[in-house]
Protein chains: 2
Amino acid sequence: MANVAKYNRDDVIRKAMLLFWEKGYNGTSTRDLQQAIDMRPGSIYAAFGSKEQLYREALVCYSQGMAEMLGQRIVSAGSALGGLELFFRNVVIDQCDSNPSEVCMLVKTLTEVNDDHPELMELSRELLKRTEDRFADILQQAKEAGEIATHANPRILARHLQVQMIGLRIYMKTSRNPESLSEQITTIFANIKR
Amino acid sequence: MANVAKYNRDDVIRKAMLLFWEKGYNGTSTRDLQQAIDMRPGSIYAAFGSKEQLYREALVCYSQGMAEMLGQRIVSAGSALGGLELFFRNVVIDQCDSNPSEVCMLVKTLTEVNDDHPELMELSRELLKRTEDRFADILQQAKEAGEIATHANPRILARHLQVQMIGLRIYMKTSRNPESLSEQITTIFANIKR
DNA sequence: CCTCTATTTGAACGAATGATCAAATTTTAA
DNA sequence: TTAAAATTTGATCATTCGTTCAAATAGAGG
């Protein structure tokens, strides 16, 4: 029983995630995957079952990575709302070139995949919902810390931020105008603060 | 020279557009297209050259349709800003189920297609830019009509609206919550008006 | 060292893909 | 009515796709 597994497996999923994120589900062939993760078809199918199942694990990996990053930014900024703004700035502007795509992988999946692969759609939806819930939690903390108005509604604000995040990332892909986007982010958070 | 063309051709492009919009570029096979537009491969390739060129024409068709609709809404509303808000509400909420996809076809293209097919990316970008320019023109009119503040900047507001439109449509696909989205649209335009 | 089991390999499968083209059909013009 | 030109047809092409599986390889226990 050659159980080198776990460690290796996470690494493989991560590599698959990066390729899927770049090229999309339909745009990534199993041959592309074989090369990217350095595994032969038999091993891949033994380990993951199908292309779709591997994609599913890649989605979860992506989502976890983003969640971790958000946590780190809150620590760096030393405040809930400050961390959120830093997270926005990093994702939308700073990292958009080093990442495989400017656009959120969950959003890419949701827009690409149809009623074939309903499970991929449902999983993307679920993971996006979790992100929004996380935003709401953070905004609640910000409220308790006095960073935002006492009459603010964290759930509504979280929804608002989700829309901004999605829109800004795609807009970055269309316009490549970091300066104006940075101003937009400043405005968004300025409006939340008061 | 059987020149039944123009009329028929536009109809064919429109049907192709609806299918492409629904299933995406990679997700639409040439067989799907053959059935949808009721043409045989030889005719299709004689008329359009390739799948990519047909998609290009479909993108333009989509964009024109949206532009026409926006014009109509401004007429219906009897004001520039009112028409814009009506357009938002129709696109994001009312028509999202009757359309092939909740998401803007230009955005779908931009997020799906990679550096293969650079021309599709560039065309989508260009058409999105035209939309934003159109928004700016309309906001300028609104400004002159006294619908928005005299210190408002139409170009910045247009960019803002573009981000909102993109974000809201995708958010609709994830959450299916028309009520909250309607409130969000109300808020967006309320903030613009004062 | 050997045997048994688990894993990996890569050739191969059938289906689907985008595209072509000679033949059949339809349209045009005389 | 007829011949030339334009268009349509559908069988077919070479690739590529996701996936399978018998054979080869590697590790564990005795």
Side-chain angles (χ1 to χ4, degrees), chain A residues 1-13 15-59 109 112-121 123, chain B residues 1-13 15-59 109 112-121 123:
Chain A
M1 190 191 302
N3 200 4
V4 202
K6 196 67 178 110
Y7 223 76
N8 228 322
R9 184 181 173 90
D10 285 355
D11 193 52
V12 160
I13 291 173
K15 283 178 182 161
M17 179 273 281
L18 292 172
L19 188 66
F20 275 133
W21 187 5
E22 181 189 345
K23 312 186 83 164
Y25 183 77
N26 291 318
T28 305
S29 74
T30 50
R31 267 89 178 164
D32 294 335
L33 278 171
Q34 287 163 36
Q35 201 190 353
I37 69 183
D38 191 31
M39 283 175 79
R40 264 38 66 194
S43 299
I44 298 178
Y45 280 81
F48 300 104
S50 71
K51 181 185 172 185
E52 181 175 337
Q53 283 184 60
L54 176 52
Y55 193 88
R56 217 138 55 200
E57 301 222 40
L59 280 179
T109 306
E112 178 191 356
V113 149
N114 303 71
D115 300 323
D116 28 66
H117 313 293
E119 298 177 25
L120 292 185
M121 256 194 50
L123 180 54
Chain B
M1 192 191 301
N3 202 4
V4 202
K6 196 67 177 110
Y7 220 77
N8 227 323
R9 184 181 173 90
D10 286 355
D11 193 51
V12 160
I13 291 173
K15 283 178 183 162
M17 179 272 281
L18 292 172
L19 189 66
F20 275 134
W21 186 5
E22 180 188 345
K23 311 185 81 161
Y25 182 78
N26 290 318
T28 306
S29 74
T30 50
R31 267 92 177 161
D32 293 335
L33 278 170
Q34 289 163 34
Q35 200 191 353
I37 69 183
D38 192 30
M39 286 175 77
R40 264 37 65 195
S43 300
I44 297 178
Y45 280 84
F48 300 103
S50 70
K51 181 185 172 186
E52 181 174 337
Q53 283 184 58
L54 176 53
Y55 193 87
R56 217 139 53 200
E57 301 223 40
L59 281 178
T109 306
E112 179 190 358
V113 149
N114 302 71
D115 300 323
D116 27 68
H117 314 292
E119 298 178 26
L120 292 185
M121 255 193 51
L123 180 55

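Here is the naming used below: chain letters follow the sequence lines, and residue numbers restart at 1 for every chain.
Within the 3.5 Å criterion, the main-chain N or O of B:Tyr25 finds a donor-acceptor partner in the side chain of B:Glu112.
Residues A:Ala16 and A:Leu33 share a closest heavy-atom pair of CB-CD2, 4.0 Å.
Atom CZ in B:Arg40 sits about 8 Å away from atom C1' in D:dT9, given to the nearest Å. In this structure, A:Leu33 places its CG atom 11 Å from P of D:dT19, rounding to the nearest Å. Computed from coordinates, the B:Phe48 CZ to D:dT7 C1' distance equals 14 Å when rounded to whole Å. In this structure, CG of A:Asn8 is placed 13 Å from P of D:dG27, rounded to the nearest angstrom. Separating the CZ atom of A:Arg9 from the P atom of C:dT8 is a distance of 11 Å, rounded to the nearest angstrom.
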Report the C-alpha distance between A:Tyr55 and A:Thr109 in whole Å, list the side-chain angles of each, state the deciding distance to 0.1 Å, and finish with yes or no for side chain to side chain donor-acceptor pair (under 3.5 Å). CA-CA 10 Å; A:Tyr55 193 88; A:Thr109 306; 2.7 Å; yes
Tell me, for nucleotides 16-21 of chain C in 5' to 3' order, what letter each nucleotide earns: B for a base near a protein heavy atom under 4.0 Å, S for only sugar-phosphate near one, - for neither? -BBBBB
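Comparing the end axes of the helix from C:dC1-D:dG30 to C:dA30-D:dT1, each fitted to five base pairs by superposing C1' atoms of four pairs onto the next four, gives an inter-axis angle of 10° (nearest 10 degrees).
Between A:Lys51 and A:Phe20, some side-chain heavy-atom pair lies under the 4.5 Å cut-off. Between B:Thr30 and B:Tyr45, some side-chain heavy-atom pair lies under the 4.5 Å cut-off.
Within residues 112-119 of chain A, no residue has a heavy atom under 4.0 Å from DNA chain D.
Screening residues 22-31 of chain A for salt bridge (Lys or Arg N to Asp or Glu O under 4.0 Å), with sequence neighbours left out, gives A:Lys23-A:Asp32.
Evaluation of the side chain to side chain donor-acceptor pair (under 3.5 Å) rule for B:Glu52 yields B:Arg56, B:His117 as partners, not counting sequence neighbours. By the side chain to side chain contact (heavy atoms under 4.5 Å, CB included) test, B:Ser43 pairs with B:Met39, sequence neighbours left out.
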